[in-house]
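Since the structure comes first, as C-alpha cells, the remarks are kept for the end.
Because the structure is a prediction, the values reported are computed rather than measured.
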Amino acid sequence: SRTLQRGPVQGKILILTICAAGIGGTFQYGYNLTIINAPTVFIQSFINETWLDRTGTALEGKMITLVWSFIVSVYPLGGLVGALIAAPMAVKMGRKKSLLLNNAFVAFAALLVGFSRMAKSFEMILLSRFFAGINSGVAMSIQPMYLGESAPKELRGAVAMTSASFTALGLVLGQVAGLREILGAEESWPILLASNVVPGLIQLMLLPWAPESPRYLLIDRGDQDSCISALQQLRGSNDLSSEMKEILVEQAALQGQAAKAPWELWRNRAVRWQFITVMVLSSAMQLCGNDSMYFYASYVFQEAGIPYDKIQYSVIGTGSCELVMSMTCVRICVGRRVLLIGGYSLMATWAILFMVALVTCWALSNFWMPYLSMACIFAYILSFGIGPAGVTGIIPTEIFDQVSRPAAYTISGSLLWINLFLVGLAFPFVMESLGSFCYLPFFTVCVGTALYAWFFLPETKGKSFLEISEEFVKRNFGDQSCDNAWVCPEEIISTRL
C-alpha cells in the first residue's frame, strides 16, 4: 500500500476541489435561475422598443409576454441539451476537463447578453439564456459525479451535498445582485445578466489545481499511477490500501465493459430498481414546485398579500432559507433515506398549512395571515434544503457503477430540466385554476416521494459502492442468480496492491 506523509496541504486539495467545482458548477444553476427576475419589466420594454425601431409599430402586450416567456423557458431547454451532452463529455474528456470546457458556454452567453442592447437585438438575450442553460445542464450532471467519485467513503455524502449549498448560494447572490440598489436598475440589466461569467472565470483559475477523479483515472483510463497520485492529493496522510482495493475490485468486475447508454439502463434488469429510483427522485426534485418558486416568487407573495415594497426582500428570504439549511445539512450525520423521507414529509406538512393560510387570508382578511403564508413558504424551502436539495444529486453516484453512472446522470439531468420547464410553464395556470389550493399537486408529489423512499430506497450512507450494489442485487433479482450484476468474487477481493 502507499501512503502520503503528513504535510501542510493535508485536506486542502479536497476543499479546493469542492470549491472549484461548485463555483462554476451548481452555483451557476442557482445564479441564472434568479438573476432573470429583477429585469423583467426592463427587458420587456427593450423588446417592445426594439420591435418598434425595426417595424415602426409596437408589439401587443400578449406578444411581449410571449417573447418574454420564451426567454425564461429557453433556459431549462438549454439545460436539457447540457444534460444530454454531459455523459459523453464526462466519458471522453473526464470529469475535470469537462467542467473546465463547460465555461465556454457561459462565456459565450455573457458576450451575447452583454452586447444585446448595443446591437438592439432581443434575440441575443434568447440565445444567451440558452447557452447559459447548457452550461448549467452540464455542471448539474458532472459536478456531483466528480465530487462523489473524489470524496472518501465516510465523507462522500457531506462532500456531494455541497452541490446543494452552492446552488443555494447562487440563488441568494442572484437575488441580491438583482436588487434595484445594485444591478437591478434599468441601465444595468445587461451587466446583471452577463455577470454569470465571473463564477466561470473563478473556476478556470482554481480547478486546474485540483486532481481528476481517481475512479475515472483507474477504471475508465486504466492509469493506476495517476489514480494513486490523485488519491494522495485528495486524502493527505490516509492509508490508500483499502480504497485502492475497492476501486480495483470495481475495475476487475467491469473489465471490458464500455460506458452504457441511457436506453441500455432501461433494458438492463440488473439496474432496474436503480433506474426507477433515479426516475422518481429526479422528477420529484422539480415536481415538488420548489425551484419553480424562484421564477414566480414575486407573484406568489403578491397573491399571499405581502406589501409590494417588501416583496423583493421577501424573495431574498426564500434563497437564504435554502442556503442556511443546505449548509446545515452538510453536517447532519443521518442517512440519505432519512433526509429524503423527513424533507418531503415536512414539505407536505407546510404545503397543507400554506393552503390553509391562503384560505383563511381570503375568508377572514386577517392582517397577520399573509405573513403566516410567507412563513409557510420559507418553511417549505427549508424542508427542501434538509434532504431533497442535496441528496438527489448524490444518489446516481452511489447506486450506479462506473460504466453506468454517466448515463444515469443523463437521465437524472434530463428529467430535472424537462420537469423544470413543464412546471415553470404550468405554474401560473395552476395558480389561476386552483387558487388557494395551488400547492395541492406539490403536496401529492411530496407524499408520494416520501412513501417511495420509505418502502423502496435502501440506506447508502457510509457504505462502499460494492456494498450498495449488493443491496440492489437482492432487490433486482431476489434469490435468483444473476450474471450481469456487479458482484465481487473472492479472487478479486484478495487482489494485492
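Taking the six-membered ring for Trp and thresholds of 30 and 60 degrees, Y380 and Y439 have ring planes more than 60 degrees apart, a perpendicular arrangement. Using a 30° and 60° split on the angle between ring planes, F108 and F131 fall in the perpendicular class, above 60°.
Applying the salt bridge (Lys or Arg N to Asp or Glu O under 4.0 Å) test to residues at least two apart or on different chains, none of the pairs has a partner in residues 135-148.
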Test side chain to side chain contact (heavy atoms under 4.5 Å, CB included) on V271 and F472 and set out the steps. CA-CA 8 Å; V271 294; F472 277 99; over 6 Å; no
CA sep, side-chain torsions, deciding dist, call: V423, F442, side chain to side chain contact (heavy atoms under 4.5 Å, CB included): CA-CA 10 Å; V423 176; F442 304 143; 4.2 Å; yes
Assess whether side-chain hydrogen bond (donor to acceptor under 3.5 Å, both in side chains) is satisfied between Y409 and T397, documenting all intermediate values. CA-CA 8 Å; Y409 271 103; T397 296; 2.5 Å; yes
When you look at Y344 and V447, which way does the side chain to side chain contact (heavy atoms under 4.5 Å, CB included) test go after all the steps? CA-CA 7 Å; Y344 279 116; V447 171; over 6 Å; no
Can you list the steps and then say if L112 with I125 is a side chain to side chain contact (heavy atoms under 4.5 Å, CB included)? CA-CA 7 Å; L112 284 170; I125 305 175; over 6 Å; no
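Comment: E398 engages R336 in a salt bridge, judged by a side-chain N to carboxylate O separation of less than 4.0 angstrom. R95 and E149 are joined by a salt bridge, as a carboxylate oxygen and a charged side-chain nitrogen come within less than 4.0 angstrom of each other.
Among L14, L231, L234, the single residue meeting the side-chain contact (heavy atoms from CB on, under 4.5 Å) criterion with P152 is L14.
A distance of 12.0 Å separates CZ in F27 from SG in C19, rounded to the nearest 0.5 Å. Atom-to-atom distance recorded for S412:OG and F400:CZ is 9.5 Å, nearest 0.5 angstrom. Distance check, rounded to the nearest 0.5 Å: OG of S163 to OH of Y146 gives 12.0 Å. Here SG of C227 is found 11.0 Å from CG of D220. Values are rounded to the nearest 0.5 Å. In this structure, CZ on F130 lies 7.5 Å from CG on L77, to the nearest 0.5 angstrom. Residue N419 holds its CG atom at 4.0 Å from CG of L287, rounded to the nearest 0.5 Å.
For the pair Q274 and V278, the minimum side-chain heavy-atom distance is 4.5 Å or more. Using a 4.5 Å heavy-atom threshold, the side chains of L147 and T17 count as touching. Between R267 and E264, some side-chain heavy-atom pair lies under the 4.5 Å cut-off. Proximity of T277 to F456: side-chain heavy atoms (C-beta onward) are nowhere separated by under 4.5 Å. In this structure, S150 and V159 have side chains that are not in contact, with every pair of non-hydrogen atoms separated by 4.5 Å or more. Side-chain contact between K97 and L101: absent, with no pair of heavy atoms (C-beta onward) separated by less than 4.5 Å. Put simply, the side chain of C288 reaches to within 4.5 Å of the side chain of M347, judged on heavy atoms. The closest side-chain heavy-atom distance from N102 to Q203 is not below 4.5 Å.
Considering all non-hydrogen atoms of both residues, A230 and L217 come closest at CB-CD1, 3.9 Å. Pairing each heavy atom of V197 with each of A107, the nearest pair is CG2-CA, 4.0 Å. For the pair A110 and S128, the tightest heavy-atom approach, listed with the atom from each and the gap, is N-OG, 4.5 Å. Taking both residues in full, the closest heavy atoms of I35 and L193 are given as O-CD2, 3.8 Å, listed atom of the first, atom of the second, then distance. Nearest heavy atom pair, residue P144 against residue A139, reads CD-O, 3.8 Å. Considering every non-hydrogen atom in both L420 and P76, the closest pair reads CD2-CB, 4.1 Å.
S195 places a side-chain N or O within donor-acceptor distance of the main-chain N or O of L192, the cut-off being under 3.5 Å. In terms of modelled atom types and a separation under 3.5 Å, the side chain of K96 and the main chain of A210 share a donor-acceptor contact. The backbone N or O of E459 lies less than 3.5 Å from no partner atom in the side chain of R337, so there is not a single donor-acceptor pair. No donor-acceptor pair closer than 3.5 Å links the side chain of S141 to the backbone N or O of A86. S383 contributes a side-chain N or O that, together with a main-chain N or O of A379, makes up a donor-acceptor pair within less than 3.5 Å.
Side-chain atoms of Q175 and T34 form no donor-acceptor pair, as typed in the model, at a separation below 3.5 Å. Side-chain contact, Q28 with N196: no donor N or O sits under 3.5 Å from an acceptor N or O. Side-chain contact annotation: S136 with Y31, donor-acceptor N/O pair under 3.5 Å absent.
Both cation-pi conditions hold for R129 and Y75: the charged atom is under 6.0 angstrom from the six-membered ring centre and inside a 45 degree cone around its axis.
Taking the centre of each ring, W417 and Y29 come in below the 6.0 Å mark.
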